[in-house]
Asker: 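Below is a structure I'd like to ask you about.
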Amino acid sequence: MFEPEYRASFGVLRREIGFWSTLQTTISAILKSRKSQFEENENDNVSTRKKNVLKNHFKLFAILYKELKHRYDEEKTLNIMHEIVIQCGPIFMRGFKLLGPHDDFSNFAPIYKEFESQNLIFDVIEESSHRFEIVIRRCLIYEAFKELGLEILTQWMCDIAFLYFSDYHPAIKYTKDQMIAKGDKCCHEVFTWQN
């Protein structure tokens with residue numbers, strides 16, 4: 001019924017605001033989210049279509065944020081939303097296939113490209129047996145969040161990548177020195193294979 005990251009977010013809410021408040025907040029948000037849909041227009045380009053898919057995925061998240069803002073002060077709302085983003089962001093990454101025990105770094109780039117082609121517009125700078133370097137020109141998740149009124153939450157988006165890739169594979173080291181969500185014009189990511 002609900003994506004795993006939403007089920008986890010309801011658990012975070014229950015811990016933070018209690019069962020009854022969670023029930024009231026989530027029922028209200030669910031009912032409101034069912035009334036809105038970002039439709040695909042045949043004149044839309046590919047990135048706009050992908051962004052609409054993301055907006056439909058995250059619209060309940062945006063409405064939950066608005067419901068919390070209505071019920072609590074800004075500080076409490078942001079603390080709750082930070083916990084939700086940090087707990088649920090890595091769950092969203094579940095589609096990022098793990099490397100198998102006999103895989104090496106040559107298997108990583110195709111996995112990255114397959115998953116992130118739905119979320120990012122990027123250029124590959126280097127793809128070798130020990131280094132995968134990319135520059136992200138557009139982050140469609142970031143853009144979708146902004147268009148949903150979640151701009152203040154985008155500051156934590158890159159934290160999710162750091163959390164996820166720090167545990168992804170023991171031989172892969174991940175660095176990111178430029179971030180759209182932190183105000184840079186692009187994101188610069190480097191994955192290296194540590195033998």
Side-chain angles (χ1 to χ4, degrees), residues 2-10 12-13 16-17 21-22 25-26 28-41 44-96 115-123 134-165 174 176-189:
F2 292 106
E3 297 286 354
E5 58 267 32
Y6 279 112
R7 293 196 299 270
S9 71
F10 300 151
V12 171
L13 283 174
E16 296 290 329
I17 62 175
S21 293
T22 298
T25 303
T26 55
S28 177
I30 290 165
L31 292 174
K32 289 176 182 175
S33 76
R34 291 189 178 188
K35 294 177 185 174
S36 67
Q37 183 72 18
F38 296 94
E39 300 292 336
E40 282 191 28
N41 184 327
D44 289 343
N45 62 32
V46 174
S47 60
T48 300
R49 282 190 226 124
K50 288 178 181 180
K51 192 173 7 172
N52 281 341
V53 169
L54 291 167
K55 283 164 50 174
N56 283 321
H57 183 85
F58 290 115
K59 68 183 178 182
L60 177 55
F61 187 59
I63 295 168
L64 277 173
Y65 170 63
K66 290 171 187 162
E67 289 290 314
L68 289 170
K69 273 180 70 172
H70 179 71
R71 296 168 187 262
Y72 302 102
D73 64 41
E74 185 76 9
E75 183 180 0
K76 181 169 180 128
T77 298
L78 287 178
N79 285 339
I80 293 168
M81 292 308 294
H82 179 263
E83 188 63 22
I84 288 173
V85 168
I86 296 304
Q87 293 295 317
C88 300
I91 297 169
F92 174 75
M93 300 284 289
R94 71 191 175 281
F96 200 104
F115 179 80
E116 293 295 15
S117 66
Q118 301 308 307
N119 307 314
L120 309 172
I121 296 170
F122 59 91
D123 298 321
I134 62 161
V135 171
I136 299 165
R137 304 283 176 213
R138 288 179 64 193
C139 176
L140 300 178
I141 295 176
Y142 173 80
E143 292 176 21
F145 267 48
K146 284 181 72 173
E147 291 172 22
L148 288 168
L150 297 169
E151 186 168 1
I152 195 164
L153 307 186
T154 61
Q155 60 186 317
W156 304 313
M157 292 177 72
C158 293
D159 297 340
I160 295 165
F162 284 111
L163 283 170
Y164 184 78
F165 289 119
Y174 170 71
K176 190 172 192 175
D177 59 6
Q178 294 178 56
M179 299 168 231
I180 294 169
K182 306 283 186 189
D184 293 320
K185 291 185 179 179
C186 64
C187 294
H188 176 239
E189 295 185 333

Asker: Does the side chain of L120 reach to within under 4.5 Å of the side chain of C139, using non-hydrogen atoms?
Answerer: yes
Asker: Could you pull out the closest heavy-atom pair between R137 and I180, with the gap in Å?
Answerer: O-CD1, 4.0 Å
Asker: Might you confirm whether atom NZ of K176 has over 12 heavy atoms from other residues, nucleotides or ligands at distances under 6.0 Å?
Answerer: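 Yes, because the 6.0 Å sphere around NZ of K176 holds more than 12 heavy atoms from other groups.
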Asker: Quick check: closest heavy atoms across L68 and M81, and the distance to 0.1 Å?
Answerer: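 Scanning both residues completely, I find the closest heavy atoms to be CD1-SD, 3.6 Å.
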Asker: Just so I know, are the side chains of L148 and F61 near enough to count as touching, which here means a heavy-atom distance under 4.5 Å?
Answerer: no
Asker: Aromatic contact between F58 and Y65, with the criterion being ring centroids under 6.0 Å apart: yes or no?
Answerer: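 Between F58 and Y65, the centre distance exceeds or equals 6.0 Å.
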Asker: Quick one, L13 with L64, criterion side-chain contact (heavy atoms from CB on, under 4.5 Å). Give me CA distance, side-chain angles, the key distance, then yes/no.
Answerer: CA-CA 10 Å; L13 283 174; L64 277 173; 4.0 Å; yes
Asker: Would you confirm whether K51, through its side chain, and I141, through its main-chain N or O, come within 3.5 Å as a donor-acceptor pair?
Answerer: no
Asker: Do we see a donor-acceptor contact under 3.5 Å between the side chains of K185 and Q178?
Answerer: no
Asker: How many angstroms lie between CZ in F162 and CE in M157, if you round to the nearest 0.5 Å?
Answerer: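 Output value for this atom pair is 13.5 Å.
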Asker: Does a donor on one side chain and an acceptor on the other come within less than 3.5 Å for S21 and R71?
Answerer: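 Their side chains do not contain a donor-acceptor pair, so the 3.5 Å distance test is not met.
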Asker: Measure the shortest side-chain to side-chain distance between N79 and H82 over non-hydrogen atoms and say whether it is less than 4.5 angstrom.
Answerer: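 Of all side-chain heavy-atom pairs linking H82 with N79, none is under 4.5 Å.
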Asker: Is the backbone of A144 close enough, under 3.5 Å, to the side chain of K55 for a donor and an acceptor to pair up by distance?
Answerer: no
Asker: Distance check, rounded to the nearest 0.5 Å: I136 atom CD1 versus Y142 atom OH?
Answerer: 13.0 Å
Asker: For the atom pair CG (N56) and CZ (F38), what is the distance rounded to the nearest 0.5 Å?
Answerer: 6.5 Å
Asker: Taking atom CD as the centre, does E74 end up with more than 12 heavy-atom neighbours from other residues, nucleotides or ligands that are less than 6.0 angstrom away?
Answerer: yes
Asker: If you round to the nearest 0.5 Å, how far is SG of C186 from CD1 of I121?
Answerer: 13.5 Å
Asker: Less than 4.5 Å apart, any side-chain heavy atom of K32 and any of K66?
Answerer: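 Result no, sub-4.5 Å side-chain heavy-atom pair not found.
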Asker: Distance check, rounded to the nearest 0.5 Å: N52 atom CG versus Q37 atom CD?
Answerer: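 Taking CG in N52 and CD in Q37, the distance rounds to 9.0 Å.
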Asker: Is the distance between the ring centroids of Y174 and Y164 under 6.0 Å?
Answerer: no
Asker: In terms of relative ring orientation, are Y6 and H57 parallel, tilted or perpendicular, with 30° and 60° separating the classes?
Answerer: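 Answer is tilted, since the angle falls between 30° and 60°.
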Asker: Does the side chain of I30 come within less than 4.5 Å of I63's, by heavy atoms?
Answerer: no
Asker: With side chains defined as the heavy atoms from C-beta onward, is the minimum distance between I17 and K76 less than 4.5 Å?
Answerer: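 When only atoms from C-beta onward are counted, K76 and I17 do touch, with a gap below 4.5 Å.
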Asker: Ignoring hydrogens, what is the shortest heavy-atom contact between I91 and P4? Give both atom names and the distance.
Answerer: CG2-CB, 3.7 Å
Asker: Could you tell me which non-hydrogen atom of M179 sits nearest to which non-hydrogen atom of D184, and how far apart they are?
Answerer: N-OD2, 2.8 Å
Asker: Under a 4.5 Å cut-off applied to non-hydrogen side-chain atoms, are N119 and F92 in contact?
Answerer: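 The answer is yes, as the side chains (C-beta and beyond) meet within the 4.5 Å cut-off.
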Asker: Could you grab the distance from atom SG of C158 to atom NZ of K182, nearest 0.5 Å is fine?
Answerer: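 Here the interatomic distance stands at 6.0 Å.
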Asker: Looking only at non-hydrogen atoms, find the nearest pair between T154 and F145 and report the distance.
Answerer: CG2-CB, 3.7 Å
Asker: Closest heavy-atom contact between M93 and I160?
Answerer: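 Distance-wise, the nearest heavy atoms are CG-CG2, 4.4 Å.
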Asker: Does the pair E3/R94 count as a salt bridge with the N-to-O cut at 4.0 Å?
Answerer: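 Here E3 pairs with R94 in a salt bridge, since their nearest N and O are under 4.0 Å apart.
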